[in-house]
> 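Dropping a structure here in C-alpha cells format, bear with me for questions.
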Amino acid sequence: MKGRGVSDFRSDTVTHPTAAMREAMATAPLGDDVFGDDPTVRELEVYAAELFGKERAIYLPSGTMANQVAARVHTRRGNEVILEAGSHTFFFEQGGLAALSGLQARPLTGERGRIPLEDLEAAIRTENEHFPVTSLIVLENTHNMAGGTILPLDYLQGVKELALRHGLKFHLDGARICNAEAATGIRLADWAATADTVSCCLSKGLSAPIGTVLVGDDDVIREARRVRKLFGGGMRQVGVIAAAGLVALRDMRARLVEDHRRAKVLAEGLNAKPGLAAEEPETNLVYVDTPKGKASAVAARFAEEKVLCIPIGPSRVRFVTHNDVDDDDVRRALSVALSEGDLTS
Ligand SMILES: *Cc1c(COP(=O)(O)O)cnc(C)c1O
C-alpha cells in the first residue's frame, strides 16, 4: 500500500518511479536531444533497438504520440488504416488518424483483440478509382480493452505475411508488449520481427514516469524524428527522464510475472462474490462484470475502503496490478469484495 493508505488498481500508469530510477535520473548525463546529443536518450534508444532487434529507436513523450507518428510515417493523406474496433488507436486517441494525418480508419471487430486473417484480407481495398488506398494495419499486443489479452506470435506472423503480400505496413501498438513477453517467455525481438514498427510504453507496468519508445528500420525512424518535431514532441535535456526509462526497460520487465500472478489471485477471489464475474486474466488487467448498470456503484463502494478501480462501462470495472500494489493490496481488495452485504447499495 506504499504508505499512501490507498490500494490503487485503476491503471498501471499510476506507478511511481523506483528508487533506482530516481538515482539514475539524478546522475544522468544530459544534452539537447533535438540536436541528437543527449547521451542518456541515445543510450536508451540504442538499448531499445537492440532489445527489439530493429535498426533504430526513437524516444517519445507518450504512447499516443508513438502510434500517431507511426501512422503518419507509414501512410499518405487519404489512405485507409485497418485496425481493431476496441484498440487504443481507434478508441482513445481523439480521432488522431483523421485529425493529424488525414487518414480514414477502418475498424474491424476482433476476437480477444485478434481480427481474423480472412476479415483482414477482405477489408484490404482493391485497385479502384473510387476507393481509398489501404496502406497500414495497426494491432495491439497485449490488447487492453479485450482484457490484456496476448495476440499469439503465429497469428502476428500471419498478419505480417498478409501485409507483405499486399504491400501494406504493419504497426504494433506494444504499449504492454513487455507483459506479453513476461507471460509467454517469447523475446521482444521475436514479437517485433512480425511488424514494421513497434511502440512500447515505459510508463505503464515498467513504472517510468513518462515515455514510449518506437522501434523500426533506420529510414522509418529518421522520418519519425521529423514527425515527432512536427507534432511538438521534440524534447531537450530529456535524458533526465529517459534515465528512468532505461532502468524500466532493463530491470522492470522480469518482475511483470508478479503482476500477472496477483491478477489471477484477484480475479479468482472476486469471482467468489455473487454478482461479480471476472474474466481469467492473461496478464495484468482484470475486467469484472458487475450487476447491470452497477459499475459506478461498485467502484464507489471499493473507494470507500480506499481500494480504487475504474468503471469501464455501465456494468464493468477494471482492476490493474502493477509495481505499486502488493499482496496486501490484493487481500484488502478481496476483503472488501467478500465482506457481508451488497456491493452496490
Ligand atoms: C496507454 C496506451 C497507449 C497510450 O499511451 P499514453 O502514453 O497514455 O499516450 C497506447 N496504446 C495502448 C494499448 C495503451 O494502453
Side-chain angles (χ1 to χ4, degrees), residues 8-17 44 48 57-72 81 83-97 99-100 105 107 110 112-115 136-151 156 170-183 188 191-192 195 197-215 224 227-228 231-233 235 238 241-242 244-245 248-249 252 256 259 263 281-287 310 312 318-323:
D8 194 345
F9 291 96
R10 288 173 302 165
S11 175
D12 43 13
T13 57
V14 303
T15 45
H16 285 209
L44 171 63
I58 179 174
Y59 182 56
L60 295 139
S62 71
T64 299
M65 192 185 286
N67 288 336
Q68 293 298 327
V69 165
R72 175 65 156 255
V81 178
L83 73 187
E84 207 280 320
S87 67
H88 194 280
T89 303
F90 183 64
F91 216 81
F92 291 122
E93 297 182 14
Q94 286 195 35
L97 295 178
L100 298 172
R112 300 180 74 75
R114 275 165 251 170
I115 304 168
L136 177 65
I137 298 169
V138 177
L139 294 175
E140 190 173 305
N141 194 23
T142 64
H143 194 295
N144 176 0
M145 292 287 275
T149 52
I150 301 164
L151 277 57
L156 292 173
F170 174 24
H171 170 67
L172 188 62
D173 176 352
R176 294 190 181 81
I177 189 68
C178 296
N179 292 89
E181 177 199 37
L188 293 174
W191 293 110
T197 46
V198 183
S199 55
C200 169
C201 285
L202 308 174
S203 58
K204 300 219 158 136
L206 300 183
S207 306
I210 301 174
T212 291
V213 288
L214 177 73
V215 298
V227 178
R228 180 183 67 177
F231 289 174
M235 301 179 286
V238 73
I241 304 168
L249 208 50
M252 298 297 283
L256 294 173
D259 299 342
E282 293 183 33
T283 55
N284 67 325
L285 310 182
V286 182
Y287 283 87
I310 50 174
I312 214 98
R318 186 184 77 172
F319 288 81
V320 183
T321 53
H322 53 75
N323 191 45

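Throughout, residue positions are numbered sequentially from 1 according to the sequence presented. All ligand and atom numbering here is 1-based and tracks the order in the structure.
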> Holding to salt bridge (charged side-chain N to carboxylate O under 4.0 Å, His left out), I want the full list of residues that pass it with Arg72, two or more places apart in sequence or in another chain.
none
> Are His171 and Asn67 close enough that a side-chain donor and a side-chain acceptor fall under 3.5 Å?
yes
> Mind listing the closest non-hydrogen atom pair of Leu285 and Pro281 along with its distance?
O-CB, 3.4 Å
> Rounded at 0.5 Å granularity, tell me how far SG in Cys178 sits from CG in Leu188.
5.0 Å
> What distance separates His143 NE2 from Ile150 CD1, expressed to the nearest 0.5 Å?
13.5 Å
> Heavy-atom contacts with ligand 1 below 4.0 Å: which residues, ordered by chain and residue number?
Ser62, Gly63, Thr64, Asn67, His88, Glu140, Asn144, Asp173, Ala175, Arg176, Cys201, Lys204
> Considering the options Thr321, Asp12, Asp259, Thr142, which one meets the side-chain hydrogen bond (donor to acceptor under 3.5 Å, both in side chains) requirement together with Asn284?
Asp12
